[in-house]
> 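So that we are looking at the same thing, I have put the structure below in structure tokens.
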Amino acid sequence: MQIRQAEFVKSVADNNFLESDMSEVAFVGRSNVGKSSLINFITNRHKLAKTSSTPGKTKLINYFLINKSFLLVDLPGYGYAEVSKKQKTNWADFLENYLRTSKNLKCVYLLLDIRRTPTTQDEQMLQFLYFNRIPCKVVVTKIDTLSRSQVNNQLIIICNKLGINKEDLIVTSSQDKKGLDALLNSIEHYVSN
Ligand code: GTP
Ligand code: MG
């Protein structure tokens with residue numbers, strides 16, 4: 001698949017999720033893991049999704065229409081330390097409501113930074129997706145930040161921690177434009193099924 005066309009549709013701050021008949025795929029993960037950057041990379045648009053070096057940039061659910069045929073959803077990052085407990089609970093509820101109620105959600109891509117061991121929240125997210133029978137794929141981001149051997153070591157750590165196989169990971173770098181085909185092929189598979 002190639003992304004020929006991408007446009008911002010809407011941002012949602014409450015539980016008024018977009019209602020549509022179109023298939024949806026969503027990117028989820030810790031704040032600052034590179035979700036918005038990955039959306040810009042795969043759509044080949046620099047500023048479609050807002051990115052920031054300050055964690056917690058995406059506080060809304062942002063919907064993008066791709067090739068006029070399916071929706072790509074940028075979810076707010078979790079694990080951002082600088083917010084109150086109440087805000088964290090609100091965000092978790094918001095995320096969970098979206099994940100639980102989006103009927104056309106075909107796959108959730110859980111993003112993990114290659115430099116970090118998956119956190120409890122990453123594991124909980126994966127468990128939540130398994131429990132709710134939402135198909136999911138793990139995407140590793142920012143592989144440009146480590147050497148090849150360090151990348152391989154980290155991939156082993158990530159797989160062991162999450163109990164998944166290396167072949168199931170999608171390995172990417174938005175900066176060095178790596179992993180595009182693997183990610184787009186996967187998205188194509190899910191949105192067309
Ligand atoms: P929130 O919206 O806060 O949840 O963050 P996010 O997951 O959308 O992350 P975002 O795409 O805004 O990127 C966070 C930071 O990581 C920015 O400074 C990006 O430039 C940087 N970044 C993203 N992808 C890559 C990558 O592939 N390589 C490197 N080296 N940096 C990256
Ligand atoms: Mg973001």
Side-chain angles (χ1 to χ4, degrees), residues 3 6-13 17-18 24-64 66 71-84 87-99 107-126 128-129 136-152 154-155 158 169-184 186-187:
I3 296 186
E7 63 187 280
F8 171 73
V9 182
K10 93 173 198 164
S11 292
V12 170
F17 304 120
L18 186 72
E24 260 169 68
V25 291
F27 286 2
V28 75
R30 271 178 74 90
S31 190
N32 218 40
V33 70
K35 298 175 293 296
S36 302
S37 301
L38 195 62
I39 288 181
N40 291 340
F41 165 40
I42 68 170
T43 57
N44 200 17
R45 295 267 303 272
H46 295 305
K47 291 184 179 160
L48 187 65
K50 291 196 184 80
T51 63
S52 168
S53 53
T54 318
K57 179 73 192 171
T58 313
K59 293 188 174 128
L60 308 164
I61 290 180
N62 292 310
Y63 291 85
F64 301 94
I66 307 298
L71 294 162
L72 179 58
V73 186
D74 192 7
L75 297 174
Y78 52 77
Y80 176 42
E82 307 291 313
V83 295
S84 68
Q87 264 178 312
K88 276 185 193 163
T89 315
N90 287 345
W91 280 3
D93 286 349
F94 183 40
L95 254 181
E96 286 192 15
N97 281 340
Y98 165 79
L99 293 169
C107 185
V108 172
Y109 291 88
L110 173 63
L111 275 59
L112 299 173
D113 187 324
I114 187 70
R115 295 167 295 183
R116 294 172 186 270
T117 303
T119 63
T120 307
Q121 278 171 311
D122 293 322
E123 290 183 88
Q124 283 171 347
M125 176 54 70
L126 210 53
F128 176 87
L129 295 169
C136 73
K137 293 288 277 184
V138 173
V139 176
V140 177
T141 63
K142 309 192 189 184
I143 60 157
D144 59 278
T145 58
L146 297 180
S147 70
R148 191 181 289 243
S149 65
Q150 287 171 322
V151 165
N152 282 327
Q154 280 298 114
L155 292 179
I158 289 170
L169 297 175
I170 299 174
V171 179
T172 68
S173 164
S174 299
Q175 186 171 296
D176 285 0
K177 304 200 181 304
K178 295 229 169 88
L180 181 67
D181 288 347
L183 183 52
L184 289 183
S186 171
I187 292 174

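Every number for a ligand or one of its atoms is a count from 1 in the order of the listing.
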> Can an N or O of Thr51 be found at a distance shorter than 3.5 Å from an N or O of ligand 1?
no
> Mark up the atoms of ligand 1 that fall under 4.0 Å of a heavy atom belonging to Gly77, in ascending order.
4 (O)
> Ligand 1 and Asp74, any nitrogen or oxygen pair closer than 3.5 angstrom?
no
> Does some non-hydrogen atom of Asp144 fall short of 4.0 Å from ligand 1?
yes
> Judged on heavy-atom distance to atom 29 (C) of ligand 1, which of Arg30, Lys178, Gln175, Lys50 sits nearest?
Gln175
> Taking atom types as modelled and ignoring hydrogens, do the side chains of Ser37 and Asn40 form a donor-acceptor contact shorter than 3.5 angstrom?
no
> Quick check: do Met125 and Leu99 have side-chain heavy atoms less than 4.5 Å from each other?
yes
> Side-chain donor-acceptor pair under 3.5 Å between Tyr78 and Gln124, yes or no?
no
> Which of the atoms of ligand 1 are close to Ser37, meaning less than 4.0 Å from one of its heavy atoms?
10 (P), 11 (O), 13 (O), 19 (C), 23 (C), 24 (N)
> Any atoms of ligand 1 less than 4.0 Å from a non-hydrogen atom of Ser173? List them with their elements.
27 (O)
> Determine the sole option in Val9, Leu38, Leu48, Ile39 for which the side chain to side chain contact (heavy atoms under 4.5 Å, CB included) test with Leu72 is passed.
Ile39
> For Thr141 and Asp113, does a side-chain donor sit closer than 3.5 Å to a side-chain acceptor?
no
> So Phe94 and Phe17, would you call those rings parallel, tilted or perpendicular, with 30° and 60° as cut-offs?
parallel
> Have a look at ligand 1 and work out which part of Val33, if any, has a heavy atom under 4.0 Å from it: side chain, backbone, both or neither.
both
> May I ask you to check whether over 12 heavy atoms, not counting those of Asn44, lie within 6.0 Å of atom CG?
no
> Would you say Leu126 and Asp122 make side-chain contact, with heavy atoms under 4.5 Å?
no
> Compute the shortest N/O to N/O distance between Ser174 and ligand 1 and return yes if it is under 3.5 Å, no if not.
yes
> Is Ser36 close enough to the Mg ion (ligand 2) to have an N, O or S atom under 2.8 Å?
yes
> Any nitrogen or oxygen of Ser36 lying under 3.5 Å from a nitrogen or oxygen in ligand 1? Just yes or no.
yes
> With only distance considered, is Leu38 within less than 3.5 Å of ligand 1 through an N or O on each side?
no
> For Thr145, take its heavy atoms, then give the atoms of ligand 1 lying under 4.0 Å from any of them.
30 (N)
> Just so I know, are the side chains of Lys178 and Val171 near enough to count as touching, which here means a heavy-atom distance under 4.5 Å?
no
